[in-house]
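Below: one structure, written as structure tokens.
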Amino acid sequence: MMNAKKRVGVVGATGMVGQRFLTLLENHPYFEVTALAASARSAGRTYADAVGGRWKMKTPMPACYADMLVHDAAKIDEMAELVDFVFCAVDMKKDEVKALEEAYAKAEIPVVSNNSAHRWTPDVPMVVPELNPEHLAVIESQRKRLGTKRGFIAVKPNCSIQSYVPMLTPLLKFEPTEIVATTYQAISGAGKTFKEWPEMIDNVIPFIGGEEEKSEQEPLRIWGKVENGEIVKAAAPVITTQCIRVPVTDGHTAAVFVKFAKKPTKEEILDAWKNFAGRPQELKLPHAPEQFITYFEEDNRPQAAIDRDIYGGMGVTAGRLREDPAGLYDYKFVGLSHNTLRGAAGGAVLIAELLYAEGYFD
């Protein structure tokens, strides 16, 4: 199953998610970074020079990347000589991202994307590896449409939904009918630090553009089925959300209310969470958390500051599971995920590890 290391490029390498990709890929057992790409204005400069004072990770820039020359992301023929696949985390208009990623795929360079541009392209899998790995099967149909042998696009979903959809997925057997979720989202989700965004200190902003629509619709695509070469989203449950920006560096928290057609006991829910594992755990992929969902019994957990980094930021956590005393919903709980690890670059790396293990890069 495992082949030689694949050569990987990071497109959008100078941005916050691109930086996170590079920290995760240093000394990776499956992948070796052989090309960095960004906008034309960064091309031809060393990575250290192109990033300048904009390195946003808590750990220093890995020395192995500092002197690498940055390529122009638009020069796909140049990149094709250097890589077997790419991660994409560019900051461009959606239609431009869509065209760029499709151009890479048509050049026989598989794309694992952190961007939202292709999340609703019918034959592009949008994957949380533990939740819907079977959606990768749609790649065969996508390749037929694109006219490629190797090239394809796979994407990860929005970072906010990963604070509650992992907890809801093991409960689908109890037929949830209505879900209300309010997400409290860290500033790194906007690619910012407090130094760059002092207005967020001691503040809450009750709006994040486009986020509520994503949070309400993307779970239904995750829970959908592959039919006739396309992913058809699930018809239920009904989901309504509010998405709020809060003064937290990393970690998206969700407060969730659920109504079921077949109401489970609290013990059945906790058992479903404890025993839920997916293909990444089965394959023991490098970035797969040993325990996907961790539940805390303490009333004041999970907390972003102390729980977001569980299993290297790739696990998700839950707490405060209880019946709704008002009877409007059956249960309510709190969820938490690390938005730039599980929710962004780490989630994309885990997708790539699954694609590698399943032979999609061959």
Side-chain angles (χ1 to χ4, degrees), residues 128 130-131 157-174 176 178-189 204 211 215-216 219 222 237 239-260 263-278 280-281 288-344 346-347:
V128 176
E130 286 88 351
L131 305 185
N158 196 45
C159 52
S160 67
I161 75 168
Q162 303 192 52
S163 58
Y164 57 94
V165 172
M167 275 64 87
L168 293 169
T169 302
L171 308 181
L172 292 178
K173 60 189 175 184
F174 302 115
E178 295 178 26
I179 295 164
V180 176
T182 301
T183 58
Y184 304 88
Q185 300 185 204
I187 64 169
S188 56
V204 167
E211 205 76 357
S215 299
E216 291 166 356
I222 293 286
I239 305 171
T240 187
T241 66
Q242 291 200 94
C243 299
I244 298 171
R245 190 73 72 193
V246 294
V248 171
T249 54
D250 295 304
H252 288 354
T253 299
V256 184
F257 299 77
V258 195
K259 186 182 289 186
F260 295 95
K263 183 180 176 181
T265 65
K266 180 178 179 180
E267 290 69 29
E268 285 176 319
I269 295 175
L270 293 175
D271 187 63
W273 287 349
K274 182 179 179 181
N275 294 307
F276 187 70
Q281 286 72 33
E290 185 180 339
Q291 180 71 34
F292 183 39
I293 301 169
T294 298
Y295 182 78
F296 292 105
E297 296 286 352
E298 299 93 327
D299 285 339
N300 64 348
R301 304 279 289 279
Q303 293 180 29
I306 58 176
D307 297 316
R308 62 192 169 207
D309 291 316
I310 194 166
Y311 294 108
M314 292 299 290
V316 296
T317 55
R320 301 206 69 208
L321 174 67
R322 61 216 189 277
E323 291 192 64
D324 179 11
L328 296 174
Y329 290 86
D330 290 324
Y331 286 96
K332 45 188 176 178
F333 67 88
V334 173
L336 169 71
S337 65
H338 195 303
N339 56 295
T340 68
L341 285 166
R342 168 54 76 165

Give every donor-acceptor pair under 3.5 Å between a side-chain atom in residues 159-167 and any protein atom, sequence neighbours left out.
residue: S160; atom: OG; partner: N158; partner atom: ND2; Å: 2.8
residue: S160; atom: OG; partner: S215; partner atom: OG; Å: 2.8
residue: S163; atom: OG; partner: S160; partner atom: O; Å: 2.7
residue: Y164; atom: OH; partner: S215; partner atom: O; Å: 2.8

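- In terms of the side-chain contact (heavy atoms from CB on, under 4.5 Å) criterion, residue partners of Q291 (sequence neighbours excluded) are, by chain and number, T294, Y311.
- Partners of D309 under the side-chain contact (heavy atoms from CB on, under 4.5 Å) rule, at least two apart in sequence or in another chain, are H338, L341.
- The side-chain contact (heavy atoms from CB on, under 4.5 Å) search around K274 returns none, not counting sequence neighbours.
- Taking the ring axis of Y329 as reference, the NZ or CZ atom of K259 stays within 45° of it and closer than 6.0 Å to the ring centre.
- In terms of the side-chain contact (heavy atoms from CB on, under 4.5 Å) criterion, residue partners of D307 (sequence neighbours excluded) are, by chain and number, F296, R301, P302, Q303, T317, L336.
- With sequence neighbours excluded, the residues that form a side chain to side chain donor-acceptor pair (under 3.5 Å) with N275 are D271.
- Counting only residues at least two apart or on different chains, the side chain to side chain donor-acceptor pair (under 3.5 Å) pairs with a member in residues 240-257 are S188-D250, E216-T241, T249-R308.
- Applying the side chain to side chain donor-acceptor pair (under 3.5 Å) criterion to E290, with sequence neighbours excluded, gives no partner residue.
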Side chains of residues 178-185: which donor-acceptor partners sit under 3.5 Å, not counting sequence neighbours?
residue: T183; atom: OG1; partner: Q185; partner atom: OE1; Å: 2.7
residue: Q185; atom: NE2; partner: E211; partner atom: OE2; Å: 3.0

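- D324 contributes no side-chain N or O that, together with a main-chain N or O of D330, makes up a donor-acceptor pair within less than 3.5 Å.
- With sequence neighbours excluded, the residues forming a salt bridge (Lys or Arg N to Asp or Glu O under 4.0 Å) with K263 are E323, listed by chain and number.
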